[in-house]
Number of protein chains: 2
Amino acid sequence: MLDKYFTDCLYFTANRLTRVITRMAEEEFARTGLSPAYAFLLMAVQERNGLTQKELGEVLHLTPSTVTRFVEKLERKLLVTTRQDGRMSRVYLTDKGRAMQEQIEECWSSLHERYAKVLGREEGDRLTRRLYEVSVELEQA
Amino acid sequence: MLDKYFTDCLYFTANRLTRVITRMAEEEFARTGLSPAYAFLLMAVQERNGLTQKELGEVLHLTPSTVTRFVEKLERKLLVTTRQDGRMSRVYLTDKGRAMQEQIEECWSSLHERYAKVLGREEGDRLTRRLYEVSVELEQA
DNA sequence: AAATAATATTTGTACATACAAATTATACGC
DNA sequence: GCGTATAATTTGTATGTACAAATATTATTT
């Protein structure tokens with residue numbers, strides 16, 4: 001069977017899963033008008049208002065250039081502002097950005113419930129933690 | 001802790017893992033001059049020479065437009081050819097494409113060994129299978 | 001204090017991938 | 001057999017993300 005070839009490869013299955021779950025997340029976050037990646041950035045800023053772009057990249061595991069692009073876009077939507085602090089650029093929520101938080105968290109919960117319903121809450125959460133650990137372990141290899 | 005927010009989300013951890021393992025795969029496949037996604041397409045064609053683009057999309061879990069783009073690129077590199085069959089387009093390996101197979105499989109093995117070394121072979125394979133199952137289960141939700 | 005090194009960010013560019021609309025080709029109902 | 005429905009592919013366009021090079025700012029060395 002052809003499938004076997006691929007289903008044995010972590011690269012392949014991780015990519016496949018990511019496409020599926022990303023699509024789900026996009027659906028759940030659609031009503032915010034943001035794609036989930038941007039919503040997560042906004043959550044990160046809310047958790048630590050004024051963090052630098054470097055820190056954002058670390059938390060979200062995105063490269064600096066990607067962070068720049070994301071922040072620009074959210075600035076254009078008036079959801080964050082940036083202030084220069086030496087060579088760093090700090091990112092702050094605007095009122096409009098703050099006003100979205102609740103909605104974002106609702107989307108996040110819906111997403112969580114949606115996959116918990118399929119996988120079981122326990123199992124879904126266990127898998128999620130495992131994926132995180134694995135990503136960290138592999139990073140150093 | 002900020003991290004907790006994200007490490008609890010399957011969307012987030014799956015994306016993170018995918019970025020890490022994709023980078024590893026790109027390194028391993030670099031000497032083929034192909035990114036891993038293209039190499040996998042080539043493997044799929046070798047397994048079932050003359051399959052249609054639709055079938056390719058199903059096996060690789062890619063949308064039709066993406067398959068078109070990938071096949072075009074591999075045609076430009078003279079690794080596959082296509083033949084029209086009614087409204088379908090069938091994809092065949094060229095000699096040059098066939099000649100790459102061995103190298104591709106070597107890369108695939110290196111990749112496999114590389115993450116097995118970190119995760120353990122058993123555990124790596126178990127996780128891989130699990131991710132595949134989960135992606136299939138979630139797809140129907 | 002000037003010269004150099006280090007660090008954070010930005011910019012230009014490229015790539016994988018998707019969606020929606022357009023196109024092409026077959027199949028079906030009359 | 002013709003008109004319409006269906007199916008496969010392609011095309012135009014957009015998005016998320018990365019890398020490499022450029023820029024800007026601060027820190028270190030002399």
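Letters A, B, ... mirror the listed sequences (proteins, then strands); counts begin at 1.
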Nearest whole angstrom, please: distance from the [atom2] of [N] to the [atom1] of [X].
{"X": "Leu60(B)", "N": "dT17(C)", "atom1": "CG", "atom2": "P", "answer": "9 Å"}
{"X": "His61(A)", "N": "dA18(D)", "atom1": "NE2", "atom2": "C1'", "answer": "12 Å"}
{"X": "Glu58(B)", "N": "dT9(D)", "atom1": "CD", "atom2": "C1'", "answer": "14 Å"}

In short, side-chain hydrogen bond (donor to acceptor under 3.5 Å, both in side chains) pairs touching residues 69-78 of chain A with sequence neighbours left out are Glu75(A)-Thr82(A)
Going by the rule side-chain hydrogen bond (donor to acceptor under 3.5 Å, both in side chains), which residues pair with [X] if we only count those two or more places apart in sequence or in a different chain?
{"X": "Gln53(A)", "answer": "Thr68(A), Ser89(A)"}
{"X": "Arg126(A)", "answer": "Glu123(A)"}
{"X": "Arg19(B)", "answer": "none"}
{"X": "Thr22(B)", "answer": "Asn15(A)"}

Where along residues 13-38 of chain A does a heavy atom come under 4.0 Å from DNA chain D, residue by residue in number order? Ser35(A), Ala37(A), Tyr38(A)
Is it true that atom CD of Glu102(B) has more than 12 heavy atoms of other residues, nucleotides or ligands lying nearer than 6.0 Å? no
Suppose we screen for salt bridge (charged side-chain N to carboxylate O under 4.0 Å, His left out). Which residues come up paired with Glu106(A), at least two apart in sequence or across chains? Arg31(A)
Can you name the residues that form a salt bridge (charged side-chain N to carboxylate O under 4.0 Å, His left out) with Glu26(A), not counting sequence neighbours? none
Return a single string for nucleotides 8-13 of chain C, one symbol per nucleotide in 5' to 3' order, where B is base contact, S is sugar-phosphate-only contact and - is none, cutoff 4.0 angstrom on heavy atoms. SSBBBB
